[in-house]
Amino acid sequence: MKLEKASCVLLVFTIPGKQAKGMRIMDEKYYPEKIEEKWQKHWADAGSFEADEQSDLTPFYCLEMLPYPSGFLHMGHVRNYSIGDALSWYKRLSGFNVLHPIGWDSFGQPAEQAAIKRGVNPRDWTEENIAHMRGQLQRLGISYDWRREIAAHRPQYYKWDQWFFLKMFEQGLAYKRLSPINWCPKEETVLSNEQSSGGVCWRCQTVVEKRELEQWFIRTTAYVEQLLADMREIEGGWPERVLTMQRNWIGQSTGAHVDFAIRESSAKVRVFTTRIDTIYGATAIVLAAEHPLIAEIPEGSALKDDVARFVERVRRERKGRNPAAEGGGDTEEEKEGVNTGLVAINPFSGEAIPVWVANYVLMDYGTGAVMSVPAHDERDFEFAQKYKLPIRQVIAPLTHREEPSGFDPRLGVDQSTEMTAAATDYGMLVNSGDWSGKLSEDAIREMTRFASAGGFGEEKVMYRLRDWGISRQRFWGAPIPVIYCEACGIVPVPERDLPVLLPEHAELTGTGQSPLASVAEFVNTTCPKCNGAARRETDTMDTFVDSSWYFFRYCDPRDDNAPFARDRAAYWTPVDQYIGGIEHAVMHLLYTRFWTKMMRDIGLVPFNEPVKKLLTQGMVTNVVEGTGEWKAMSKSLGNGVDPDEMLTAYGADAVRLFILFAAPPENELRWQETGIEGAVRFLRRVYSMVWRWSERFARSAARPGVEPRGEELTAGARALRRKTHQTIARITRDFDELHFNTSVAALMELSNALGDLNLQPAGASEADAFAVREALESLVIMLAPFAPHIGEEMWEGLGHAGGLLGEGRARWPRADEELARAEELEIPVQVNGKLRSRINATPDTPEEELRAAALADERVRGFTEGHELVKVIVVPKRLVNIVVK
RNA sequence: GCCGGAGUGGCGAAAUUGGUAUACGCACCAGACUCAAAAUCUGGCGUCCGCAAGGACAUGUCGGUUCGAGUCCGACCUCCGGCACCA
């Protein structure tokens with residue numbers, strides 16, 4: 001508490017009685033703790049941040065990603081909310097009706113793990129964490145409308161998760177199917193991806209198996225085209241990086257389906273290809289190990305056993321792999337395969353080619369079968385070389401890619417190529433029957449049409465995106481509202497029976513089996529259709545369900561009849577500005593886009609995209625002791641910084657100011673305690689300036705509005721007004737582009753200008769005091785979004801009662817262009833593009849005069865004399881450039 | 001491999017979008033105040049040459065456009081991120 005120690009001594013010098021007379025309501029010294037407490041109480045009492053739909057102002061929805069209630073705020077949170085809060089304040093002060101809510105993503109694994117480890121009740125644990133973190137947020141002074149707080153684990157909330165599930169079930173958007181999960185054969189439990197990292201069980205190191213389990217899916221793929229196409233609506237508002245990540249994730253590729261007849265049977269095998277132009281080069285069909293055609297291998301075939309053995313081996317080896325966990329590198333295996341003995345007929349050439357099974361073909365992409373064109377596909381090339389399959393070139397490379405009209409493709413073809421690797425570029429078709437001589441681009445189009453006309457193929461757009469598996473074999477989540485009846489099958493829980501309550505207790509063993517399965521009074525129920533005995537679904541929903549629509553709930557958080565009232569949501573949404581971590585670029589942000597489209601189609605919202613503008617904030621990093629490396633703060637690295645400690649040492653305002661000043665919001669933020677000290681220094685300087693002037697203002701007649709004429713001001717005061725208005729213009733622009741760091745820099749410049757003025761309150765004229773007052777009030781209002789507590793305190797100190805947002809509410813200052821205009825300019829003069837001198841001018845010095853002054857300048861003449869003058873470029877108000885030879 | 005983003009002082013970063021490169025801050029150096037230290041205040045701070053005035057060179061590299069390029073164009077290098085046996 002270095003701040004207080006120093007200031008106690010100085011307090012002696014304050015003149016007693018002043019405060020009592022009400023002339024000076026500020027302390028002489030800045031005590032963050034004291035004023036932060038004072039204003040936090042004021043905001044709560046006054047309901048300063050409570051937003052209502054009844055307002056003449058334009059609504060603005062500022063949203064930060066809701067936190068998981070782990071129990072403690074970390075610096076990433078602090079950064080996230082400081083950004084959102086600065087914007088919220090700016091918008092409020094600029095006359096918007098701002099919705100700025102917060103809630104808790106309170107379902108999920110950690111609560112369950114805490115329960116297993118420490119025997120606590122997940123509900124109690126979660127509620128305690130929320131209570132603690134809410135206190136931390138309030139101590140930070142984030143301007144939330146706390147009346148709208150929500151938490152996913154409360155039945156009032158998850159009831160609507162379940163309701164949405166029922167809606168999607170009705171629409172066929174929620175369905176059940178077999179799907180693989182990670183299974184530890186030794187412990188007989190289900191494992192999450194994280195728990196089976198490296199392909200082994202995290203507890204017993206046993207190799208994890210993939211097991212098939214009946215699971216619920218949301219048909220995100222039903223909206224795949226829209227998820228891709230609607231990105232146009234948010235382009236510009238979302239970071240390019242995020243859009244790219246989503247595009248990659250959706251993974252569109254255009255090609256064709258082609259059917260190959262199987263000679264041995266009436267069966268057909270369908271392949272997906274993006275290169276139908278290479279089909280004459282197909283020398284095999286290659287199937288995934290799981291492909292159903294394998295069953296068609298005739299009994300007694302010599303190769304049947306080989307195939308069975310191979311398929312078995314591939315399955316076993318795949319179990320040991322967990323591509324999701326390893327991240328990057330060599331998940332690629334050596335290509336292996338066996339011939340099935342089946343023969344397929346190329347529908348274009350009529351050629352008979354063998355059917356193989358191989359480990360490099362995936363069952364869950366395309367059709368699970370490919371035509372192998374070794375000459376023009378790297379994987380097929382590698383495979384063909386290993387198994388001595390023929391490699392036939394059917395695309396000749398072009399030496400020129402583009403030719404003017406009248407181009408004869410044959411002339412541009414390099415026929416002498418010998419294949420040492422697959423040639424994957426487009427080119428000209430050769431060895432391709434009647435199609436020879438065509439260019440790939442044209443051939444793809446025409447051959448697809450031909451296949452379609454012949455009934456053995458069609459154009460096909462393939463996506464990488466899969467449906468969203470939402471079943472979790474966990475306790476701490478929203479129960480999936482489904483009942484299984486012997487007689488009626490799958491029966492959705494009727495809407496009137498929602499919510500399906502999560503039981504108070506369940507045995508949490510951590511074995512990964514659905515804990516709800518062991519709660520008899522939960523499982524056993526009656527069928528809503530036939531009233532017979534029935535069982536409930538015991539899986540719970542993925543927590544990404546909760547976060548897919550939570551910000552709509554903020555609009556109407558206590559609604560008992562619907563997830564939210566349409567008109568309330570329509571008033572606030574779509575979200576104007578969303579702020580959160582890049583780690584949610586794909587999953588959360590894709591799910592919530594999907595959810596919005598689904599809600600649109602059931603008539604709940606009138607738009608396609610939920611979020612207009614997205615800001616992905618950078619990580620907060622700190623040096624890792626010993627290594628000197630900057631890494632994201634984390635417990636395991638020991639480089640974490642506790643927000644509470646920082647608040648105690650420096651106050652919320654300084655911490656927030658530093659965070660926003662130290663780097664642009666999307667960059668990495670390197671934590672530096674000396675940086676916060678700098679922020680404190682700045683706040684103290686501003687504070688003491690306001691303090692020194694507050695008494696003068698209290699007895700001064702000069703108020704903003706009684707504007708002095710220019711000539712009444714001293715030159716210094718005129719310059720101050722100029723700086724003030726330039727700063728207002730700059731900060732306003734910066735805020736609109738979320739450039740908080742440069743806003744703060746501009747505030748510092750203004751405060752430096754005030755300091756340089758060196759005007760004493762007692763000796764200043766009324767006119768000059770006006771200029772100072774204007775500068776200080778502007779400074780205080782524009783500082784408030786970064787440091788609201790001290791902002792409020794100084795606003796009051798300047799003689800305004802009721803707070804920045806209260807009765808005499810502060811207005812964001814307006815820049816007066818006339819006042820911001822410089823009186824005198826220093827115009828740089830270049831000779832041949834090099835800076836040689838500067839001349840003084842006014843903004844309206846005519847071009848001719850600038851030109852003459854520049855040429856007459858002594859230093860310039862040193863460089864021009866004896867040279868031929870070529871030309872003189874005069875950019876008014878900017879520069880003069882003299883070109884000589 | 002494909003897609004996206006970025007390279008500016010010792011460090012975090014600015015640069016009105018083609019017009020004085022390095023604003024603002026951190027660190028550092030010097031001075032004032034002090035018995036002293038801390039705090040505070042004042043000044044300095046891209047590199048090289050020079051006693052100085054001043055000059056030369058500097059925004060990853062090389063080239064181009066332009067009176068003028070951190071900014072535009074072309075080629076390349078490096079780093080970060082995403083996807084990846086995706087047919």
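Chain naming here is simple, since letters A, B, ... match the order of the sequence lines and numbering starts at 1 in each.
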Taking the side chain of [X] as its heavy atoms from C-beta onward, which of [options] lies nearest to it?
X         : options                   : value
Tyr360(A) : rC85(B), rA84(B), rC24(B) : rC85(B)
Ile873(A) : rA13(B), rG25(B), rG19(B) : rG19(B)
Asn667(A) : rA39(B), rG4(B), rA13(B)  : rA13(B)
Arg730(A) : rG68(B), rA14(B), rC83(B) : rA14(B)
Arg670(A) : rC86(B), rC11(B), rG19(B) : rC11(B)
Asn881(A) : rG12(B), rG19(B), rA14(B) : rG19(B)
Glu240(A) : rA14(B), rG4(B), rG19(B)  : rG4(B)
Arg684(A) : rC83(B), rU40(B), rG5(B)  : rU40(B)
Thr674(A) : rC24(B), rG19(B), rC26(B) : rC26(B)
Val883(A) : rC67(B), rA14(B), rG82(B) : rC67(B)

Over how many whole Å does the gap from [X] atom [atom1] to [N] atom [atom2] extend?
X         : N       : atom1 : atom2 : value
Asp380(A) : rA87(B) : CG    : P     : 12 Å
Arg821(A) : rU16(B) : CZ    : C1'   : 17 Å
Met371(A) : rC86(B) : CE    : P     : 15 Å
Glu235(A) : rC3(B)  : CD    : P     : 17 Å
Arg241(A) : rC80(B) : CZ    : C1'   : 8 Å
Phe661(A) : rG25(B) : CZ    : C1'   : 4 Å
Glu629(A) : rC79(B) : CD    : C1'   : 14 Å
Phe740(A) : rG12(B) : CZ    : P     : 21 Å

Could you say whether Asp734(A) or Phe272(A) is positioned toward the 5' end of RNA chain B, judged by the nucleotide with the nearest heavy atom to each?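 Looking at the nearest nucleotide for each, Asp734(A) comes out on the 5' side.
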Quick check on RNA chain B: between Ala662(A) and Asn752(A), whose nearest nucleotide comes earlier from the 5' end?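 The answer here is Ala662(A).
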Separation between the [atom1] atoms of [N] and [M], rounded to whole Å:
N       : M       : atom1 : answer
rU34(B) : rC57(B) : C1'   : 44 Å
rC11(B) : rC85(B) : C1'   : 44 Å
rU8(B)  : rU40(B) : C1'   : 33 Å
rA58(B) : rG68(B) : P     : 15 Å
rG7(B)  : rC29(B) : P     : 31 Å
rA30(B) : rA39(B) : P     : 15 Å

At under 4.0 Å between heavy atoms, what does [X] touch on the DNA or RNA strands: base, sugar-phosphate, or nothing?
X         : value
Glu378(A) : nothing
Gly678(A) : sugar-phosphate
Pro664(A) : sugar-phosphate

Are Thr448(A) and Glu459(A) close enough that a side-chain donor and a side-chain acceptor fall under 3.5 Å?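 Looking only at side-chain atoms, Glu459(A) and Thr448(A) do not form any donor-acceptor pair under 3.5 Å.
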Students often mix this up, so state it plainly: with edges at 30° and 60°, are the rings of [X] and [Y] parallel, tilted or perpendicular?
X         : Y         : value
His588(A) : His584(A) : perpendicular
Trp671(A) : Phe658(A) : perpendicular
Phe786(A) : Phe735(A) : tilted

OP1 or OP2 of [N] versus the side-chain N and O atoms of [X]: is any pair under 4.0 Å?
X         : N       : answer
Tyr365(A) : rA87(B) : yes
Lys871(A) : rC67(B) : yes
Asn741(A) : rG25(B) : no
Arg681(A) : rA39(B) : no
Ser253(A) : rA87(B) : yes

Atom pairs, N/O to N/O, protein against nucleotides 46-56 of chain B, distance under 3.5 Å?
| unit_1 | atom_1 | unit_2 | atom_2 | d |
| --- | --- | --- | --- | --- |
| rG54(B) | OP1 | Arg859(A) | NH1 | 3.4 |
| rA56(B) | OP1 | Arg836(A) | NH2 | 3.2 |
| rA56(B) | OP2 | Arg836(A) | NH1 | 3.2 |

As a test of the definition: with a 90° window around 0 for syn, would you call rU42(B) syn or anti?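 The base of rU42(B) is oriented anti (glycosidic angle more than 90° from 0).
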Where the chi angle of rG10(B) falls, syn if within 90° of 0 and anti if not: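 Here the answer is anti: the torsion falls beyond 90° from 0.
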Mind checking whether [X] and [Y] have side chains closer than 4.5 Å, heavy atoms only?
X         : Y         : result
Ile279(A) : Phe260(A) : yes
Gln393(A) : His376(A) : yes
Arg670(A) : Asn622(A) : no

Who pairs with rU42(B) - Watson-Crick or G-U, where each distance is under 3.5 Å: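 Base partner found: rA30(B).
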Exceeds 12 heavy-atom contacts within 6.0 angstrom, atom CD of Glu458(A):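 It does: Glu458(A) CD has more than 12 such atoms within range.
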Give a yes or no on this: more than 12 heavy atoms of other residues, nucleotides or ligands lie within 6.0 Å of atom CZ of Arg466(A).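 Count over threshold, so yes.
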For the CD atom of Glu858(A) and the CD atom of Glu865(A), what is their distance to the nearest 0.5 Å?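 Rounded to the nearest 0.5 Å, the CD-CD separation comes out at 9.5 Å.
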